[in-house]
Amino acid sequence: MSIFVIDEHPLMREAIGILVSRLGHTAVELGSLSAALDAERVHGTPELIVIEPRFAGNDDLAAVRHLRLTFSDTPIAAFSATTGEETRTLEAGADVFIAKSASGSELAAALRELLNEDAAEFPERVPVEKLSKRQKQLLHLLDKGMSNRDIAESLQISEHTVKVHLWRLFRRLNVKSRSQASHLARTQGLL
C-alpha cells in the first residue's frame, strides 16, 4: 500500500515524501490530479492521500471533491498554505486540514492518526457514553459556534490539537462538518 502525495510544487512533494518514508510507508509523489488517477492503476488504491487542494490558483476545491468521490474509503489530508479554508476543505471531503505552517512533527502526528484509525471503529450513531470527555467538550464548544482558535484558547491546547480532536470526533460521529456535528449532537441528545 502507498500514500499519494499530490502537490504541483516538487519541493513540497519531496519533503512530504521523505516524511512519509520516515513513517514507514511508500510515498507516490504526484504533480496533478490526473496523475493520481493514473497512479491508482499502477500502485492500487492508496491508504492515504495528502493533497495541496488548490492547484495553479484554482479557486474551488474540485480536486478534493473528485478524490473523495473516486477514493471514498481513503482518508484525505489537505495540506495547504491557504488560510481560512479549513471548513470548506473539510466539507469538500478532506478528513483533516493541515496548515503548511505546521511543523514536521505536527504533520507526522496528523498522518499517523489518519493511518491508525480504522473506519470500522466508528459506528453510524454513537451513544453519548461512547464519547470521550474531550469529545463532549468539543461538541458543546462547536454548538456555541466557536472557531478552532477560540476552542484552543478555551481548552488551553494548540489549534493543531483541536484539529486532530475534531477529525476524530467527526469520524466517531460519521459526519463531515462542524454544522453536521452540532446538528447531530442536538438531534441525538448528545449535548
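The first residue in the sequence is number 1, and the count goes up from there.
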- Message: Return the CG to CD1 distance between Leu111 and Ile16, rounded to the nearest 0.5 Å.
- Response: 8.0 Å
- Spell out, yes or no, whether Leu30 and Leu33 are grouped together once hydrophobic residues are joined by side-chain heavy atoms under 4.5 Å, including indirect joins. yes
- Message: Any heavy-atom pair between the side chains of Leu155 and Thr161 that's under 4.5 Å?
- Response: no
- Query: Just by distance, do the side chain of Ser154 and the backbone of Asp150 share a donor-acceptor pair under 3.5 Å?
  - Reply: no
- So, for Val64 and Pro53, which heavy atoms are closest and what is the spacing to 0.1 Å? CG2-CB, 3.4 Å
Got a list of side-chain donor-acceptor pairs under 3.5 Å for residues 92-99, not counting sequence neighbours?
| residue | atom | partner | partner atom | Å |
| --- | --- | --- | --- | --- |
| Asp95 | OD2 | Arg68 | NH2 | 2.9 |
| Asp95 | OD2 | Ile76 | N | 2.8 |

- Return the minimal non-hydrogen interatomic distance between Ala77 and Leu114, and the atom names on each side. CB-CD1, 3.6 Å
- Message: Suppose the criterion is salt bridge (Lys or Arg N to Asp or Glu O under 4.0 Å): which pairs have a residue in residues 100-111, not counting sequence neighbours?
- Response: Asp7-Lys100, Glu52-Lys100
- Query: Are Ile157 and Arg134 close enough that some pair of their side-chain heavy atoms sits under 4.5 Å apart?
  - Reply: yes
- Note on the structure: Those residues at least two apart in sequence (or on a different chain) that pass side chain to side chain donor-acceptor pair (under 3.5 Å) with Glu14 are none
- Could you check Glu159, Lys163, Glu86 and say which one makes a side-chain hydrogen bond (donor to acceptor under 3.5 Å, both in side chains) with Asn148? Glu86
- Item | All pairs passing salt bridge (Lys or Arg N to Asp or Glu O under 4.0 Å) where residues 16-38 contributes a residue, at least two apart | Asp38-Arg41
May I have the list of side-chain donor-acceptor pairs in residues 139-146 shorter than 3.5 Å, sequence neighbours left out?
| residue | atom | partner | partner atom | Å |
| --- | --- | --- | --- | --- |
| Asp143 | OD1 | Arg186 | NE | 2.7 |
| Asp143 | OD1 | Arg186 | NH2 | 3.4 |

- Note on the structure: With sequence neighbours left out, the residues meeting side chain to side chain contact (heavy atoms under 4.5 Å, CB included) with Ala108 are Leu19, Leu23, Arg112
- Task: Search all heavy atoms of Leu173 against all heavy atoms of Ala181 and return the closest pair with its distance.
- Result: CD1-CB, 4.3 Å
- Task: Would you name the heavy atoms of Ala78 and Thr89 that are closest together and state the gap between them?
- Result: CB-CG2, 3.3 Å
